[in-house]
There are 2 protein chains.
Amino acid sequence: MTDNTKTLLYKKIIGLTEITQSGVDKLFAVACKRQIFKGEIILKQGQICRNIVFVEKGYLRTFIDKDGVDINTDFTFEDNFTTNLKSLRSSIPSDTTIQAGETATIYEFDKEELLNLYKVSPEIESFGRKLLEQLLITQEEHTNLFKLFTPTGRYHFLQTNKPQIIQRISLSQISSYLGVARETLSRIRKKG
Amino acid sequence: MTDNTKTLLYKKIIGLTEITQSGVDKLFAVACKRQIFKGEIILKQGQICRNIVFVEKGYLRTFIDKDGVDINTDFTFEDNFTTNLKSLRSSIPSDTTIQAGETATIYEFDKEELLNLYKVSPEIESFGRKLLEQLLITQEEHTNLFKLFTPTGRYHFLQTNKPQIIQRISLSQISSYLGVARETLSRIRKKG
DNA sequence: AACTACCTGAGACAAAAGTCACAAAATACG
DNA sequence: CGTATTTTGTGACTTTTGTCTCAGGTAGTT
């Protein structure tokens, strides 16, 4: 990875955990860097997920095929990690597909290699745990959106808390992420 | 804790991770057992959460106060763990209240003591990580309920996948957990 | 510039869910 | 056992959202 990316990632992670520069180095030593094009799929529904992915550039879209229609469950932007944990953990077929929303640069971390790293480096296992904590907190907040707010409130939440989604994802794609029809979201946007 | 509980917990955890009986012993050595009455609050919105809680008997209800109305975000039954991770992790005020739904027996694990255990026992840190994985997967499934299903579908999901909630929680309490009005859930139940 | 594919906005109508009010039923508790 | 309190069911009505359809817009490609 580039020194610049390393620095950015370091800043990102340092807020998350106490990992050292040498820890970041060890971590990325087992990573596989890859360029993917817009629309390219890195995990397909039905396949078994074998790695965790870090996004350096571009973004990934995670979705479930429900009766032939895509339902978006997540968007992963620069300096964030994603995977299908259920599949990764138990080696069962993934219920989601992960696809590049733009041409992207990613790093793939193989599960087995990560587990080996965990064994020899408490620092990296700690990092793994804290990453999970972060993901869980984000997921809880996302769930609460549906319990606390109406569709309008959910959209406003994204506007103030996840501006990247509003700015970079099309209205149609956002609608399933918020659990509403495309037309409803269009009306919400019209209102302001 | 009783030998019986220890055995049950062990069975529960063994499915989750490879923790040994000695690991379970080490873990519960730092736990504080407590009886709480129905309605008793163990974490109040605004307080800083300092521990993880394991439920041996009874159940806990986690909710957010929204304009004076309780919105239930979680129910924790026997042999499961709960906490407010956002508050626990960053020592910031909790946005949820955790309350006993029935008279309950719980074990409280102090955060600092757990972190110390993590340092000396890779087995327990591994357990902590796998517990987080489990919680994250459950949370993801819960979020997807709102994206994939209508209120009726969500209720049916609980019937087949979380029967404990249907059996032990009142309809009014379930309604906010599913993000619908009480009357709507009553009509769903009527339909079957 | 023309072609294509995709995305957005808008209207009309149907369906679903929310709200309010009150009665009936179940539960808790003295 | 009876009373008080909480919970649930129901109807009438309003508001919101979904669905279907089509027109116009935008972006990328050749």
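Numbered from 1 within each chain, the chains take letters A, B, ... in sequence-line order.
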> Can you give the dot-bracket line for DNA chain D, where a pair is Watson-Crick or G-U wobble with both atom distances under 3.5 Å, crossing pairs use [ ], and | marks a partner on another strand?
Replying inline: ||||||||||||||||||||||||||||||

>> Atom NZ of residue position B/Lys119 - does it have more than 12 heavy atoms of other residues, nucleotides or ligands inside 6.0 Å?
In response: no

> C/dC7 P sits how many Å from A/Glu183 CD, rounded?
Replying inline: 14 Å

>> C/dA17, OP1 or OP2 - any side-chain N/O from B/Thr184 closer than 4.0 Å?
In response: no

> Is any NZ, NE, NH1 or NH2 atom of the basic residue among A/Asp110 and A/Arg50 found under 4.0 Å from an Asp or Glu carboxylate oxygen of the other?
Replying inline: no

> Should A/Arg129 and B/Glu125 count as an ion pair when the cut-off is N to O under 4.0 Å?
Replying inline: yes

> Looking at residues 152-171 of chain B, who's got a heavy atom less than 4.0 Å off DNA chain D?
Replying inline: B/Ser170, B/Leu171

> Which residue lies toward the 5' end of DNA chain D, A/Pro151 or A/Arg182, if each is placed at its nearest nucleotide?
Replying inline: A/Pro151

> Atom CZ of B/Arg189 and atom P of D/dT7: how far apart are they, to the nearest Å?
Replying inline: 13 Å

>> Check this for me: does any side-chain nitrogen of one of A/Glu56 and A/Arg34 sit under 4.0 Å from a carboxylate oxygen of the other?
In response: no

>> Please tell me if A/Ser172 has a side-chain N or O lying less than 4.0 Å from either OP1 or OP2 of C/dT8.
In response: yes

>> What is the separation between atom CG on A/Leu185 and atom C1' on C/dA10, rounded to the nearest whole Å?
In response: 15 Å

>> If the threshold is 4.0 Å, N to carboxylate O, is there a salt bridge linking B/Arg61 and B/Asp70?
In response: yes

> Expressed in angstrom and rounded to an integer, what is the separation of A/Gln173 atom CD from C/dT8 atom C1'?
Replying inline: 13 Å

> With nearest nucleotides of DNA chain D determined for A/Ile188 and B/Arg187 from heavy-atom distances, which residue corresponds to the more 5′ nucleotide?
Replying inline: B/Arg187

> Any chance the rings of A/Phe28 and A/Tyr107 have centres within less than 6.0 Å?
Replying inline: yes

>> Please confirm whether the shortest side-chain N or O distance from B/Ser186 to OP1 or OP2 of D/dT10 is below 4.0 Å.
In response: no

> Quick one: on DNA chain C, does B/Lys191 or B/Lys38 contact a more 5' nucleotide (nearest heavy atom)?
Replying inline: B/Lys191

>> Output the rounded distance in Å from CD (B/Glu102) to P (C/dT27).
In response: 14 Å

> Which residue, A/Tyr177, A/Phe75, A/Phe157, forms the ring pair (Phe, Tyr, Trp, His ring centres under 6.0 Å) with A/His142?
Replying inline: A/Tyr177

> How about B/Asn72 and B/Gln173: does a side-chain donor come under 3.5 Å of a side-chain acceptor?
Replying inline: yes

> So, A/Thr20 and A/Glu123: side-chain donor and acceptor under 3.5 Å apart, yes or no?
Replying inline: yes

> Nearest-Å distance, NZ (B/Lys66) to P (C/dG18)?
Replying inline: 14 Å

